[in-house]
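Notes for the one structure printed next.
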Protein chains: 2
Amino acid sequence: MSMDTVFELSPKKVEYIKFINGKNGPVKTNNIAAGFGVDPSTITKTIVELADEGLLVYVPYHGVSLSVKGKITAEFLIKRHRILALALTHFGFSHEQACLEVSRFESFVSKEAIDQMCRAMGHPNKGICGDITHDDGCLRI
Amino acid sequence: MSMDTVFELSPKKVEYIKFINGKNGPVKTNNIAAGFGVDPSTITKTIVELADEGLLVYVPYHGVSLSVKGKITAEFLIKRHRILALALTHFGFSHEQACLEVSRFESFVSKEAIDQMCRAMGHPNKGICGDITHDDGCLRI
DNA sequence: TTGAAATTTGGACGATATCCAAAATTCTCC
DNA sequence: GGAGAATTTTGGATATCGTCCAAATTTCAA
């Protein structure tokens, strides 16, 4: 996964990363599975992939946490969601409508586009489903 | 395919429908295949699916044309692209940047969202890659 | 009419996401 | 500390999407 494609996660992976980010400490497989109404084995398979991509620290049978890279990714995913939803409110969308609509397509929007929109909106701090933070979303180790 | 999901076409199908829309008369398999740099058999398989969905009139070995439903769909797809690209220019995107970015995610944006954005922009007639037409995108037969 | 070109068919693959059943592991309680 | 319960993983299967290749079919053109 190159620098440019770091955030090209599938929609489901995006949701899982955000879910894990919203929990404290290691998250159990059944917890995620229950959160999305899917079989635990589905979660196991996906978290193994996310761990292989370096986004999760996975201890089999004990749960997952975000790696540093995963945390930075999660922060970008949240910012992306909030910037896009905020942008839609500029077109008269209600908060719910904006959130719902953005969830349909956010996974396919590039970091460059988000940066541009963020800049154009003057780096807003208030999103419609939470605050917006402004690190640059790039991982340097 | 219900009324609500008429426009839930995959990204590739969206591209193929737009491509066929841009040609006069029946379009040959090799023409589409060359346009996208894929094997002709890939096109055959996809156009059979689009014909099954009622969007194309397909005469094996002789080419495809848009059905009435396909034409209306194509017009919506084009409008969606142009409305979204125009919206991005409001955030400082260049025309090329906007077009390119929209092509990443347009397939996942609902008709309702486009209607809302179109309304908010005052039903603009000038898009950035062509004019915008304002039928309602619903097929009634 | 016959060989070349175009097209379709059938089979395969990889990626994504899902399920189920069986095996493995961990936990809990006595 | 052990036995049974709960959790998790593994392995296999399915489905969709988009793709390729090789072989068969059909059409076209000289």
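To find a chain, count down the sequence lines: A is the first, B the second, and so on, and within it residues start at 1.
Phosphate contact (OP1/OP2 of C/dA5, side-chain N/O of B/Tyr61, threshold under 4.0 Å): absent. In this structure, B/Thr46 does not reach the D/dG18 phosphate: none of its side-chain N or O atoms is under 4.0 Å from OP1 or OP2. Close to C/dT16, at under 4.0 Å from its OP1 or OP2, lies no side-chain N or O of A/Ser10. Between B/Lys28 and D/dT27 there is no side-chain polar atom (N or O) within less than 4.0 angstrom of OP1 or OP2. Not one side-chain nitrogen or oxygen of B/Thr42 sits closer than 4.0 Å to the OP1 or OP2 atom of D/dT19. Distances shown here put every side-chain N or O of B/Asn30 at or beyond 4.0 Å from the OP1 or OP2 atom of C/dA5.
Straight-line distance from the CD1 atom of B/Ile32 to the P atom of C/dT8: 9 Å, rounded to whole Å. Whole-Å rounding puts the B/Leu56 CG to C/dT8 P distance at 12 Å. Remark: P of C/dA17 and OH of A/Tyr16 are 7 Å apart, rounded to the nearest angstrom. Nucleotide D/dT9 holds its C1' atom 15 Å from the CG atom of A/Asp52, rounded to whole Å. Nucleotide D/dT9 holds its P atom 12 Å from the CG atom of A/Asp39, rounded to whole Å. Rounded to whole Å, atom P of C/dT9 lies 9 Å from atom NZ of B/Lys45. The distance between atom NE2 of B/His62 and atom C1' of C/dT8, rounded to the nearest whole Å, is 12 Å.
Residues A/Phe105 and B/Phe108 keep their aromatic ring centres 6.0 Å or farther apart.
Between A/Phe91 and B/His90, the ring planes lie parallel to each other; the angle is under 30°, not in the 30° to 60° tilted range.
Looking at B/Arg82 and B/Glu106, no side-chain N of the basic residue comes within less than 4.0 Å of a carboxylate O on the acidic one, giving no salt bridge. The pair A/Lys69-A/Glu53 does not count as a salt bridge, with every side-chain nitrogen at least 4.0 angstrom from each carboxylate oxygen.
Here the nucleotide nearest the side chain of B/Thr29, chosen from D/dT9, C/dT8, D/dG18, is C/dT8.
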